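Read the structure below first, then the notes.
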Amino acid sequence: MSVDGEVRRLRTEADEPGWEVDPDDEWGLAVVATVGRQLRLRREAVGMRAAEFGEVVGYGEDMVYKIEGGKRIPRPEFLDKADEVLAAGGLLSAMKEDVAKVRYPKKVRDLAALEAKAVELQLYDPLNIHGLLQTPEYARGLLLMRRPAYSEDEVERFIAARVARKAVFERDPTPELSFVLEEWTLRRPLGGKMLLRGQLEHLLDVGRLRNVELQVMPMEREEHAGLAGGIEVLKFDDGSVVGRSQAVANGRPVTEPKTLRILELRYGIIRAQALTPRESTAFIEQLLGETR
């Protein structure tokens, strides 16, 4: 297409990795199909051909048909533009919230739903800095190291999901969050020293929040109650509790009292063995200085 004498390049699938629909996500498929159907009906109602509409919004005709057919997840800015061009009165723009959730893997979406309701979260990851604490840049570095390698689509999905989960820090009222981090995860410069430096600076920022406690487990400790694996304990306003650990039920959420008691016991001992929050802050500041 020519605009003011210049050729305008329309977007294709190659320009938007990470926006395919997971074929095993029934809820996601239904949402995207509904949005696509509404989009097609609105376009036809104003008498626009798919190619003509695509030129206006900057998308190729094939991309338009795939979005309308529920084969592609529409970007938020696409829905806003489509709403304006098709005079939908806010109907298409209003679908952005549900569409955004579709992009996240179902298991991550289910976890985020639990985190969004919890009033207290106790979190320990022995292998990595916890996902809720990772910067997008650091998260990308970790995901790119995975073998077998993730596709670009999968990398983009996981990053978007981790960023969205950070909404837990912005809730009102804010939940109480406790993290225990392994020293070695803070020392190993995965992705390079600049990525690690940015991550350590982010940890210090998060640690200053009144509802967050960060504790570091030093490598020199001769006793460690977390050798069985990571632990997540989420407590809710009604008194119910949900726990997760790879050492229990293959990481599936559990609510059985005996299992929860074991997870809470282990987490409590891990916290007691780790540095205090004040000591941990000083330790992270020391590590940050070593990255210069």
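Computed over heavy atoms, backbone and side chain alike; hydrogens, waters and symmetry mates excluded. Since the structure is predicted, the reported quantities are computational estimates derived from the model, not experimental observations.
- You'll find the side chain of Leu275 reaches within 4.5 Å of the side chain of Arg221, heavy atoms only.
- Considering all non-hydrogen atoms of both residues, Leu86 and Arg42 come closest at CD1-CB, 3.8 Å.
- Between Ile231 and Gln122, the closest side-chain pair of non-hydrogen atoms is not below 4.5 Å.
- For the pair Met217 and His224, the minimum side-chain heavy-atom distance is below 4.5 Å.
- Taking CG from Leu123 and CG from Leu181, the interatomic distance works out to 10.0 Å, rounded to the nearest 0.5 Å.
- Counting only residues at least two apart or in different chains, ring-ring contact (aromatic ring centres under 6.0 Å, His included) contacts with residues 249-292 are absent.
- Between the CD atom in Gln199 and the CD1 atom in Ile284 there is a gap of 9.5 Å [rounded to 0.5 Å].
- In this structure, CZ on Arg278 lies 11.5 Å from OG on Ser280, to the nearest 0.5 angstrom.
- A salt bridge does not link Lys81 to Glu77: none of the charged nitrogens lies less than 4.0 Å from a carboxylate oxygen.
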Exercise for the section: Show your reasoning for whether side-chain contact (heavy atoms from CB on, under 4.5 Å) applies to Tyr59 and Leu10. Expected result: CA-CA 5 Å; Tyr59 277 62; Leu10 303 180; 5.8 Å; no
Problem - salt bridge (Lys or Arg N to Asp or Glu O under 4.0 Å) assessment of Arg187 paired with Glu290 - result: CA-CA 9 Å; Arg187 284 190 177 277; Glu290 296 175 6; 3.3 Å; yes
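- Looking only at distances, no side-chain donor or acceptor of Glu170 sits under 3.5 Å from a matching main-chain atom of Ala167.
- With contacts defined as side-chain heavy-atom distances shorter than 4.5 Å, the pair Leu234/Val241 does not qualify.
- Taking hydrophobic clusters as Ile, Leu, Val, Met, Phe, Trp and Tyr residues chained together by side-chain heavy-atom distances below 4.5 Å, Val99 shares a cluster with Trp27.
- In this structure, Gln286 places its CD atom where more than 12 heavy-atom neighbours from other residues, nucleotides or ligands lie under 6.0 Å away.
- A distance-only check finds no donor-acceptor pair linking the side chain of Arg165 to the backbone of Gly131 [under 3.5 Å].
- In this structure, Asp83 and Ser93 approach most closely via the heavy-atom pair OD2-N, 3.2 Å.
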Problem - Step-by-step side-chain contact (heavy atoms from CB on, under 4.5 Å) determination, Leu111 to Glu232 - result: CA-CA 11 Å; Leu111 176 58; Glu232 296 188 0; 3.8 Å; yes
Practice task
Start with the C-alpha gap between Phe179 and Tyr124, add the side-chain angles, then the distance that decides, and say whether ring-ring contact (aromatic ring centres under 6.0 Å, His included) holds.
Solution key: CA-CA 6 Å; Phe179 297 89; Tyr124 166 67; over 10 Å; no
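- Taking 4.0 Å as the cut-off between side-chain N and carboxylate O, Arg140 and Glu156 count as a salt-bridged pair.
- Both Leu144 and Ile159 sit in one connected hydrophobic cluster of ILVMFWY residues. Membership requires side-chain heavy atoms under 4.5 Å apart, directly or through other members.
- Listed for the Glu183 side chain is a donor-acceptor partner under 3.5 Å among the backbone atoms of Met219.
- For the pair Arg146 and Tyr150, the distance from NZ or CZ to the six-membered ring centre is under 6.0 Å and the angle to the ring normal is within 45 degrees.
- Going from atom CG of Leu143 over to atom CD of Gln134 covers 7.5 Å, rounded to the nearest 0.5 Å.
- Considering only heavy atoms from C-beta on, Leu190 comes within 4.5 Å of Met145 through its side chain.
- With hydrogens and angles disregarded, a donor-acceptor distance shorter than 3.5 Å links the side chain of Thr281 to the backbone of Pro277.
- When all heavy atoms of Pro74 and Val35 are compared, the closest pair comes out as CG-CG1, 4.1 Å.
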Problem - Evaluation steps, side-chain contact (heavy atoms from CB on, under 4.5 Å), between Phe78 and Leu39 - result: CA-CA 11 Å; Phe78 172 87; Leu39 181 64; 3.7 Å; yes
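- Residues Val248 and Val254 meet the side-chain proximity criterion, which asks for heavy atoms closer than 4.5 Å.
- Using a 4.0 Å cut-off between a side-chain N of Lys or Arg and a carboxylate O of Asp or Glu, Lys96 and Asp80 qualify as a salt bridge.
- Atom CG of Asn211 is surrounded by more than 12 heavy atoms from other residues, nucleotides or ligands within 6.0 Å.
- Checked by atom type and distance alone, the side chain of Asp125 pairs as donor or acceptor with a backbone atom of Leu127 at under 3.5 Å.
- Across Leu29 and Pro23, no two heavy atoms sit closer than the pair CD1-O, 3.4 Å.
- Using modelled atom types, one side-chain atom of Arg171 and one backbone atom of Ala116 make a donor-acceptor pair closer than 3.5 Å.
- Val46 places none of its side-chain heavy atoms less than 4.5 Å from the side chain of Phe53.
- Glu137 and Leu195 make their closest contact through CB-CD2, 3.5 Å (heavy atoms, listed as atom of the first residue, atom of the second, distance).
- We find that Lys235 and Glu264 are joined by a salt bridge, their nearest charged nitrogen and carboxylate oxygen being less than 4.0 Å apart.
- Salt bridge Glu285/Arg292: absent, no basic N to carboxylate O contact under 4.0 Å.
- Within the model, atoms CG of Leu196 and OG1 of Thr185 stand 9.5 Å from one another, a figure rounded to the nearest 0.5 Å.
- Going from atom CH2 of Trp184 over to atom CZ of Arg188 covers 5.0 Å, rounded to the nearest 0.5 Å.
- In this structure, Val85 is a member of the same hydrophobic cluster as Ile67, with clusters built from ILVMFWY side-chain heavy atoms closer than 4.5 Å.
- Taking both residues in full, the closest heavy atoms of Pro218 and Ala274 are given as CD-CA, 4.3 Å, listed atom of the first, atom of the second, then distance.
- Cluster membership for Ile129 and Leu209, using ILVMFWY side-chain heavy atoms within less than 4.5 angstrom, is shared.
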Exercise for the section: Given side-chain contact (heavy atoms from CB on, under 4.5 Å), test Leu214 with Leu133 step by step and report yes or no. Expected result: CA-CA 10 Å; Leu214 299 183; Leu133 297 172; 4.0 Å; yes
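- Under a hydrophobic clustering in which Ile, Leu, Val, Met, Phe, Trp and Tyr are joined whenever their side-chain heavy atoms come within less than 4.5 Å, directly or via other members, Val163 and Tyr138 fall into different clusters.
- Lys117 places no side-chain N or O within 3.5 Å of a backbone atom of Phe236 that could act as its donor or acceptor partner.
- Between Thr291 and Glu201, every side-chain heavy-atom pair lies at or beyond the 4.5 Å cut-off.
- With respect to the salt-bridge test (charged N to carboxylate O, under 4.0 angstrom), the residues Glu68 and Arg43 qualify.
- Around atom NZ of Lys71, no more than 12 heavy atoms belonging to other residues, nucleotides or ligands sit under 6.0 Å away.
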